[in-house]
Every structure is written in C-alpha cells, then in structure tokens.
Amino acid sequence: MSEKVTVISLGGSIVAPEGADGRFLRDFAALLGELLQADEARRFVLVVGGGGPARAWQGAYRDAVGEAAIDDEADWIGIMATRLNAQLVRAALAKWCRQEVVTDPTVAPDIEGRVLVAAGWKPGFSSDYDATLLAERFGAKTVINLSNIEKVYTADPRVDPSARPLDEISWKDFRAMVGEEWTPGKNVPFDPVASRHASESGIKVICAAGRNLENLRAMLCGGDFVGTVIGGRAAF
C-alpha cells in the first residue's frame, strides 16, 4: 500500500493564540482521526509553530536586554515555544502518533504510526522552512499552511484598505511581497527562507484559516476551499 503523506504547517497562532487552545486541539484531532480511519493509506506530518507564547517570550527577552538583543537568542526562545506546542499536539494525537517530536527535519524518521509531529529546528527561519524540508523528505507536492489569515492579500489589509485577497499567486510575486530576509517573530503568511526553498523545489503552498476545520476538511477531501495557492495548482 502506497502512503499518501500530507504536510501541514500548523501555525502557533492556531494552537496557542495566547494560551493553549484545548478545544481547538480536540476538534482538530477528531477531524484527522476521522480522515485517517476512512483512508488506510493517509499519513499526516504536522509542523507546529510558536504562536503567542513565542512572541511574548521574545518580547520579554528584548525588553530585558534592549539593544543587546541577539537574533539567534530570540530565535531559540521561539523554537522552544514551538517544541512545547508540538508536544501538546503530539499528546492530543497520541492514538495516531507513536514517535517523539521531530526537532531536526533533515533526519526525520519514517512514519511508524499515522501521524508525525515536528517543531522548530534551529535559528535562521521559522517552522515553515521545516515543513518544506519535510515535504521533500516524504514526497509531498504541497504544504498546507494554517494560520490566522484566510487568504494572502496584495498588501497588509490592516494598514492598506485597498488590499485585495488572492486565490492564487506565483512564487515570484509572493517572494517580492515578503522579501528575502528572516527576522525572529516576523509576521508573514509564509516565511521568506521557506518561500525561497519551496519555490526552488517546486513545492506549492496553500495558505488558509486554521480554525475553519470544515474548510480544511474540504481541502483534504478534494473539494472547493477558501485559501490562497502559492506557486501554481496545488497537488496532493
């Protein structure tokens, strides 16, 4: 039986917008469990971000040291938040996830159960980059990026009232929007380093609202969904 692996970059803003959201995790785990029971070939790789705790702890670090703040130190603080969130997600999916949280995507093991959970790796990029490496590792053509935004916009709608939501955008145009450099806690739909790697590797990304689980169900079942496809037609 050939495995069908779906890679999801699960934003920390969904798992822990401020504190951990147990109700969302219950419903998310129930949806994945339903899909896994319906299709024996299906596997999920979940890469969990840092969310509110990462930003709060990074902000506290910068307040504490001021101009002496070092990006790598701030990144490590954010990475530790991703690992706490990932451990929570793994525990919520314990029925399906037999392995420990992956913290280095370059040495990710085969999936022994039905779900593999990963967290942040090292400074220099977000967990989005880890998701692109894991997509390559498991032969996934598309990364589903779930966050607190429904679609990618032409500009930040919070500051530009003329910003328009997009159904599709090329990697060239998306990378022009988000830039090339990563800074810890940078708030973009998909991080610049991950975007460059996905573009060069031919990986597509779907950006969608993580809390809309019926939308996620439609996406995973081949139906119509709300979101933005980056890099061309999504493939599963």
Side-chain angles (χ1 to χ4, degrees), residues 3-17 20-52 82 85-86 88-97 111 113-119 126-128 130-132 134-135 138-153 165-169 174 187-191 194 198 203-236:
E3 293 184 355
K4 181 170 59 179
V5 179
T6 301
V7 176
I8 298 178
S9 182
L10 185 60
S13 60
I14 305 303
V15 175
D21 189 339
R23 181 172 296 180
F24 165 78
L25 287 173
R26 178 196 64 195
D27 295 343
F28 180 74
L31 171 60
L32 263 57
E34 178 185 327
L35 296 172
L36 289 166
Q37 287 180 319
D39 185 351
E40 286 293 321
R42 188 185 285 275
R43 305 286 187 273
F44 286 102
V45 175
L46 308 176
V47 188
V48 187
T82 74
N85 288 342
L88 174 61
V89 171
R90 178 192 174 277
L93 287 158
K95 177 179 179 180
W96 306 103
C97 182
I111 304 172
R114 306 289 299 281
V115 175
L116 188 67
V117 177
S126 78
S127 53
D128 293 339
D130 302 330
T132 63
L134 288 164
F138 291 103
K141 305 294 185 183
T142 300
V143 171
I144 298 175
N145 185 52
L146 299 179
S147 69
N148 57 0
I149 63 168
E150 188 173 72
K151 289 186 178 184
V152 174
Y153 280 71
L166 300 168
D167 292 327
E168 295 183 12
I169 185 171
F174 182 79
N187 192 15
V188 292
F190 204 70
D191 101 50
I203 295 171
K204 316 295 189 299
V205 170
I206 300 173
C207 291
R211 291 186 173 275
N212 188 343
L213 293 179
E214 286 308 307
N215 190 57
L216 177 60
R217 179 196 300 276
M219 190 187 305
L220 294 172
C221 294
D224 294 332
F225 63 87
V226 177
T228 301
V229 181
I230 308 173
R233 187 177 181 83
F236 293 97

Peer 1: Are F44 and L35 close enough, and set up right, to give a side-chain contact (heavy atoms from CB on, under 4.5 Å), and what steps lead you there?
Peer 2: CA-CA 10 Å; F44 286 102; L35 296 172; 4.2 Å; yes

Peer 1: Run the side-chain contact (heavy atoms from CB on, under 4.5 Å) check on L46 and L32 step by step: do they pass?
Peer 2: CA-CA 11 Å; L46 308 176; L32 263 57; 4.0 Å; yes

Peer 1: Please enumerate all residues that pass salt bridge (charged side-chain N to carboxylate O under 4.0 Å, His left out) together with R217, with sequence neighbours excluded.
Peer 2: E34, E214

Peer 1: Which heavy atom in R42 sits nearest to a heavy atom in L220, and how many Å separate them?
Peer 2: NH2-O, 3.1 Å

Peer 1: Which heavy atom in A86 sits nearest to a heavy atom in A118, and how many Å separate them?
Peer 2: CB-O, 3.8 Å

Peer 1: Checking D39 now: which residues fulfil salt bridge (charged side-chain N to carboxylate O under 4.0 Å, His left out) with it, not counting sequence neighbours?
Peer 2: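 Result, salt bridge (charged side-chain N to carboxylate O under 4.0 Å, His left out) vs D39: K4.
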
Peer 1: Can you tell me how far apart CG (L88) and CG (L25) are? Round to the nearest 0.5 Å.
Peer 2: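 One finds 5.0 Å between CG of L88 and CG of L25.
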
Peer 1: So which atom in N85 and which in G51 form the shortest heavy-atom distance, rounded to 0.1 Å?
Peer 2: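 Taking N85 first and G51 second, the nearest heavy atoms are ND2-N, 4.4 Å.
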
Peer 1: With a 3.5 Å distance limit and no angle check, can you tell me whether T132 reaches the backbone of A198 through a side-chain donor-acceptor pair?
Peer 2: no

Peer 1: Is it true that a side-chain atom of D128 and a backbone atom of A194 form a donor plus acceptor pair closer than 3.5 Å?
Peer 2: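 Checking the backbone N and O of A194 against the side chain of D128, no donor-acceptor pair under 3.5 Å is found.
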
Peer 1: Please examine the side chains of V45 and F138, heavy atoms only from C-beta on, and report whether any two atoms are closer than 4.5 Å.
Peer 2: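 They are in side-chain contact.
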
Peer 1: For the NZ atom of K95 and the CD atom of Q37, what is their distance to the nearest 0.5 Å?
Peer 2: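 Going from the NZ atom of K95 to the CD atom of Q37 covers 5.0 Å.
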
Peer 1: Output all residues satisfying ring pair (Phe, Tyr, Trp, His ring centres under 6.0 Å) with F28, sequence neighbours left out; order by chain, then residue number.
Peer 2: F24

Peer 1: Take T82 and V48, measure what side-chain contact (heavy atoms from CB on, under 4.5 Å) needs, and give me the verdict at the end.
Peer 2: CA-CA 6 Å; T82 74; V48 187; 5.7 Å; no

Peer 1: Would you name the heavy atoms of S147 and I14 that are closest together and state the gap between them?
Peer 2: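 Minimum heavy-atom separation between S147 and I14: O-CD1, 3.0 Å.
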
Peer 1: Does any non-hydrogen side-chain atom of I230 lie less than 4.5 Å from one of I169?
Peer 2: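 Heavy-atom side-chain distance check passes, below 4.5 Å.
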
Peer 1: Between R43 (side chain only) and I111 (backbone N and O only), is there a donor and an acceptor less than 3.5 Å apart?
Peer 2: no

Peer 1: Would the distance check show the side chain of N145 and the main-chain N or O of P189 forming a donor-acceptor pair, the cut-off being under 3.5 Å?
Peer 2: yes

Peer 1: Working to the nearest 0.5 angstrom, can you tell me the gap between R211 CZ and L146 CG?
Peer 2: 11.0 Å

Peer 1: Working to the nearest 0.5 Å, report the span between NZ of K151 and CD1 of I206.
Peer 2: 12.5 Å

Peer 1: Which heavy-atom pair separates A208 from M219 by the least distance, and what is that distance?
Peer 2: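 Minimum heavy-atom contact is CB-CE, 3.8 Å.
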
Peer 1: I need the minimum non-hydrogen distance between V5 and A140, along with the two atoms involved.
Peer 2: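 For V5 and A140, the tightest heavy-atom pair comes out as O-CB, 3.8 Å.
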
Peer 1: Is the shortest heavy-atom distance from the side chain of F174 to the side chain of T228 under 4.5 Å?
Peer 2: no

